[in-house]
2 protein chains.
Amino acid sequence: MGQRTHVCGELSEALTGSSVVLQGWVKKRRDLGQVIFIDLRDRSGQVQIVFNGEENPEALRIAEDVRSEYVIEVEGTVLERDEANVNPKISTGRIEVMISAIRVLNAAKGLPFVVEDTAELNEDVRLKYRYLDLRRPAMQETMKLRSRTTKLIRDFLDEQSFMEMETPMLTKSTPEGARDYLVPSRVHHGEFYALPQSPQLFKQLLMVSGFERYFQIARCFRDEDLRADRQPEFTQVDIEASFMPKEELLGMTEKMMQKLVSELRGVEVKAPFKRLTHREAMNRYGSDKPDTRFGMELTDVSDIVKDTDFKVFSGAVKSGGAVKGICVKAEAPNYSRKDLDELSSFAAIYGAKGLAWLKVDEAGALKGPIAKFFDEDKAQAIKDAFQAEPQDILLFAADKLQVVWDVLGALRTKFAKDLKLVEPGTFDFLWVTEFPLLSYDEEEGRYAAEHHPFTRPVREDEHLLTEAPEKVRAEAYDLVLNGYELGGGSQRIFERGLQEDMFAALGFSKEEAYEQFGFLLDAFEYGTPPHGGIALGLDRLVMILADRTNLRDTIAFPKTASAGCLLTNAPSPVEQAKLDELNLSVKEKQSAESKQG
Amino acid sequence: MGQRTHVCGELSEALTGSSVVLQGWVKKRRDLGQVIFIDLRDRSGQVQIVFNGEENPEALRIAEDVRSEYVIEVEGTVLERDEANVNPKISTGRIEVMISAIRVLNAAKGLPFVVEDTAELNEDVRLKYRYLDLRRPAMQETMKLRSRTTKLIRDFLDEQSFMEMETPMLTKSTPEGARDYLVPSRVHHGEFYALPQSPQLFKQLLMVSGFERYFQIARCFRDEDLRADRQPEFTQVDIEASFMPKEELLGMTEKMMQKLVSELRGVEVKAPFKRLTHREAMNRYGSDKPDTRFGMELTDVSDIVKDTDFKVFSGAVKSGGAVKGICVKAEAPNYSRKDLDELSSFAAIYGAKGLAWLKVDEAGALKGPIAKFFDEDKAQAIKDAFQAEPQDILLFAADKLQVVWDVLGALRTKFAKDLKLVEPGTFDFLWVTEFPLLSYDEEEGRYAAEHHPFTRPVREDEHLLTEAPEKVRAEAYDLVLNGYELGGGSQRIFERGLQEDMFAALGFSKEEAYEQFGFLLDAFEYGTPPHGGIALGLDRLVMILADRTNLRDTIAFPKTASAGCLLTNAPSPVEQAKLDELNLSVKEKQSAESKQG
């Protein structure tokens, strides 16, 4: 291999007449007989190279055998193109390179798909041939954007005196949170490590250690059944600071986001970001991560409909639920009765038993199967509540509050997408604050931490922790971007007593709490500074910054929905000898559809 | 909590008269009755704060109860100290802060040890209370140095157009290399992921993808029995580049090392670094990671002694081994016969059956139990070979070549340490090149890759791969610093045929090779660029840069020699329900000393 003198993308008229050595991939080849043109591609871009059979018959002969995605090395001279042949679409479009010598470094057989963004590909094929999929321009750009994102974050936090520190991957399994990935120990019989769901405990211990400003771009793991926007391993920007009041932490996070959006997308975002309390977010948008780039807020009509004859509505209110709706402006002519009835099955995903709707006709009258239940006064009151106008559609959910929120929150998002209510290229940040500290888990019959057990209660609610845990608000904040939860943070408990109360509220006995978290409780007695922090999902951040909708497109080697890798075939069976060393045996599968027989 | 206005370390005369709010830890407290002095510490340094009972009795009263490592917030005024009270040892020694108000943010009970470097501590105690151990100044400095090291590396590689990219942690177990940590899959019955021993395959696939310049500061895992300088999880600076000839990669690595040593230690290291072939390193130093900061090279006396009556020497040569020695200059008077005889047990660790020695007396005569075997000519020849002078000690190993190397290599290092032959603060870099590609594993009865199976053979040795595998030299290079292996790299195989030959040399059938590495073999057929890379052990690099000798001191939360965490008690037993989900059961322990009964 010779020594490359330039990368393709940096060639320009300034180099006219220069001799260059290039190395890269054959992107396209046009064979005109005595002249062959090749678009040569490398990491920096592409350039047109020319083989002329009269001047260099030997080079032309080799170029004749070259095909797409061959890796070649060429030597030649930079020439300016005739004005007529200038290609303004590429940065090197004013020049071409006349080739005197070519060497094939590695041949390529026919590819399973062309390396272009235009190719419509099944995702399984993309994942199996990920190394080719990643050659496609949009994937190259996304990976570059991801790399630039982490560099910008690191530089920003370094300027703020944060130290990047590493925490262990082989950690202790704890009973809280999602399901752990376990790692059997060979040395300690029958014992297991857990892969971290986050570096939470370690970053707090680093605060106890006095480092004051820690961050880490950390790999985290959750063994959960996957949804489209989850991966078994994911990356988070993990930040923790001592002696930093909440407002300072939020302000710093805002500056970091402003910098990212500005540098990567050229958009200037205003700060401070909007804020909503959790309660307000639910009431107005039916979501704790609302997309506030459009309106269509939830309107409560419980009071109006509670005494009507429509039992679905009045019954929901009487049994402690609510009736709320959204108003879809001016779309009545575009949605048939059938269209609207079909929304019921969408609503059912979110737990609704049905979805009621009304149209406002041209004359301002309410129309639809349930219109008959409302007399003129009620109809007017409903229209007033929604500020409804002719041709609007009103959609109602009547159920327990949580179901009403879930259904309407999801419907809002669906309509925004269907009706293209959102202007592309906007970055709408929002803080959601005052989350409940605990939520009651009906299945488990106990309270669970809404964020995690280390989140501080709001000072004035601390006394409620033992009496009325569900009323305690947390000193927690989620950062939302365009309707996605980017991440969450909180001020932490740093007093042993309060932390013990918290564990008690979660149903731990004193012994259980100490068994699991004794090292933290002990640490809190040796001079622990007030501290708080935030964790941001890097994969999701990159997804939004890159205008992508699939989380897997932001990860070089992602897993499928069943947590497999189609490229390497992980996970895979291992030899019995390896399991013997770990003192493990695999139990027979119970069900018939065993994968391994 | 109020808003801190300054950190301790930034206070100076320039702020005299200013009102400041500080937050930090009580480092030391001197109670003089009506006046109390406290050294307040935060991440930036320390400052003396003063409580005066006449001016602020309330503050003094609170300060009376404060103890070491309390976390406090204070408000006060910066005052210049009298010239007599200036403390030149600390940066804030010309000022003190007169306190008007104090608040205890978190109390501290008596610590298990004082937070000073001077404390001589059992390492188990340090690891159990790691969050306190990390408060000690030297640990703070080491962690800061580690963080600066990674920042400098990232900045350097970014300037060289390298992209940091993440590769999976849940990967496929492969039969090569060290023992994998396994992670059972819940979804795929009886199947396992492996934690990566390195991102080797993925970084090569990223080269196939055309990213050309990748790096990652990557966590890696090896389930090996631990030695003092190994950890089950460790961090490596992982670099891979396409179209970059070996010399360019080595040169770039040298620049990166120069930058680190210069910025972190103020030492300018010369480049290009020295180079030794593997063969030369073994012959001259008995080690593939020789410490070349001192001489004491190995001298071969096989030819001189092969016909003498000393059967240990002549026998070793006759059975295909060698007799080599080292010369310890001018130390004869300091080592008694007993001292030298005792070195035999040191040599035994490295496989030697004994260790022969000779002293050169003041008159130049050889002395010692074996001196009688050498007539005057032989004695002179031996002295000439070592350029021995009166009072020198000669130490000999006579055995198979590998044993001779191991023994004398270790002895060199031992004498260098005992005799303080090495000047502290020197950074002696060295490349060791032309490693053998394969070594014969007698236990397994087959060849194993010296580096890994993806390393290229030297071009002119390629034809030997099938005929005489042990003779093939690898296009591989190790970077050695002060006798430690910092890391290793190589040019990679990028042709399917050659890679298949390599797998065959390792004893894989064609089917086995495809089963394990089919995705890589396939990838090599779609236009793979020539590529190579290097991986550097970050923990070890930091250890040397920080003048430490214990690898654990460079890791915030390390594991013990039995791969446990004394702080969190990982690993630990998990509930049976969790194992049921994984379809696993733990087998009864065979031996009596079961930990779990």
Side-chain angles (χ1 to χ4, degrees), chain A residues 1 4 23 43 69-71 106 108-109 131 134-135 147 163-165 168-173 181 183 185-193 205 208-210 212 219 223 233 243 519 523 525-530 556-557 562-563 567-568 570-574 583-587 589 595-596, chain B residues 1 4 23 43 69-71 106 108-109 131 134-135 147 163-165 168-173 181 183 185-193 205 208-210 212 219 223 233 243 519 523 525-530 556-557 562-563 567-568 570-574 583-587 589 595-596:
Chain A
M1 193 175 56
R4 181 196 234 179
Q23 294 167 330
R43 72 175 192 276
E69 300 303 315
Y70 268 49
V71 182
N106 199 265
K109 63 179 184 185
Y131 47 87
L134 286 170
R135 279 188 201 167
S147 177
M163 277 168 64
E164 185 156 13
M165 300 184 75
M169 289 283 177
L170 296 172
T171 67
K172 189 183 178 182
S173 182
Y181 275 104
V183 183
S185 163
R186 180 175 54 85
V187 181
H188 303 269
H189 184 100
E191 299 193 350
F192 294 79
Y193 305 95
L205 290 170
V208 180
S209 300
E212 294 192 31
R219 199 71 58 84
D223 185 10
E233 50 180 311
F243 305 121
F519 58 99
E525 292 200 281
Y526 292 117
T528 296
F557 300 102
S562 67
L567 172 63
T568 62
S572 57
V574 299
N583 297 298
L584 289 180
S585 55
V586 174
K587 290 191 276 192
K589 201 167 184 180
K595 191 177 164 186
Q596 297 196 92
Chain B
M1 194 176 55
R4 176 196 240 180
Q23 294 167 330
R43 70 174 192 274
E69 300 302 315
Y70 269 47
V71 182
N106 198 263
K109 63 180 186 185
Y131 47 88
L134 286 170
R135 279 190 200 163
S147 177
M163 278 168 65
E164 184 156 13
M165 300 184 77
M169 289 283 178
L170 297 172
T171 67
K172 189 183 178 180
S173 182
Y181 275 104
V183 182
S185 163
R186 181 176 52 88
V187 182
H188 303 270
H189 185 98
E191 299 192 351
F192 294 80
Y193 305 95
L205 289 170
V208 180
S209 299
E212 296 190 30
R219 199 71 58 84
D223 186 9
E233 49 180 313
F243 303 122
F519 58 97
E525 292 199 283
Y526 293 116
T528 295
F557 301 102
S562 68
L567 173 63
T568 62
S572 58
V574 299
N583 298 298
L584 288 180
S585 55
V586 174
K587 290 191 276 194
K589 202 167 180 179
K595 190 177 165 183
Q596 297 195 95

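Naming: A, B, ... by sequence-line order, numbering from 1 per chain.
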Can you find a pair of side-chain heavy atoms, one from [X] and one from [Y], that are under 4.5 Å apart?
X      : Y      : answer
A:E191 : B:V586 : no
A:Y131 : B:S209 : yes
A:Q23  : B:P529 : no
A:F192 : B:P571 : no

Non-hydrogen atoms of [X] and [Y] that approach each other most closely:
X      : Y      : result
A:K109 : B:Y526 : CE-OH, 3.6 Å
B:P530 : A:V71  : CD-CG1, 4.4 Å
B:S572 : A:K172 : OG-CG, 3.7 Å

**Asked** Is chain B contacted by the side chain of A:V183, its backbone, both, or neither, given a heavy-atom distance below 4.5 Å?
**Response** both

**Prompt:** Between A:S585 and chain B, which part of the residue has a heavy atom less than 4.5 Å away: side chain, backbone, both or neither?
**Reply:** both

**Request:** Select, from B:S173, B:A556, B:A108, the one with the greatest count of heavy-atom pairs under 4.5 Å involving chain A.
**Result:** B:A108

**Prompt:** Which residue out of B:M163, B:E69, B:R219 racks up the most heavy-atom pairs below 4.5 Å with chain A?
**Reply:** B:R219

**Request:** Could you list the residues that satisfy salt bridge (charged side-chain N to carboxylate O under 4.0 Å, His left out) with A:R43, not counting sequence neighbours?
**Result:** B:E212

**Request:** Side chain from CB out, backbone as N, CA, C, O: work out which of these in B:M165 comes under 4.5 Å of a heavy atom of chain A, or both, or neither.
**Result:** side chain

**Asked** Side chain, backbone, both or neither: which part of B:T171 has a heavy atom under 4.5 Å from chain A?
**Response** backbone

**Message:** Determine whether a donor-acceptor pair (N or O, by modelled atom type, separation under 3.5 Å) exists between the side chain of A:H188 and the backbone of B:A563.
**Reply:** no

**Asked** Between A:R186, A:E525, A:M169, which shows the greatest number of heavy-atom pairs under 4.5 Å with chain B?
**Response** A:R186

**Fill in**
Counting heavy-atom pairs under 4.5 angstrom with chain B, the leader among A:L170, A:L134, A:L205 is A:L170

**Message:** Restricting to ring-ring contact (aromatic ring centres under 6.0 Å, His included), what partner residues turn up for B:F557, sequence neighbours left out?
**Reply:** A:F202

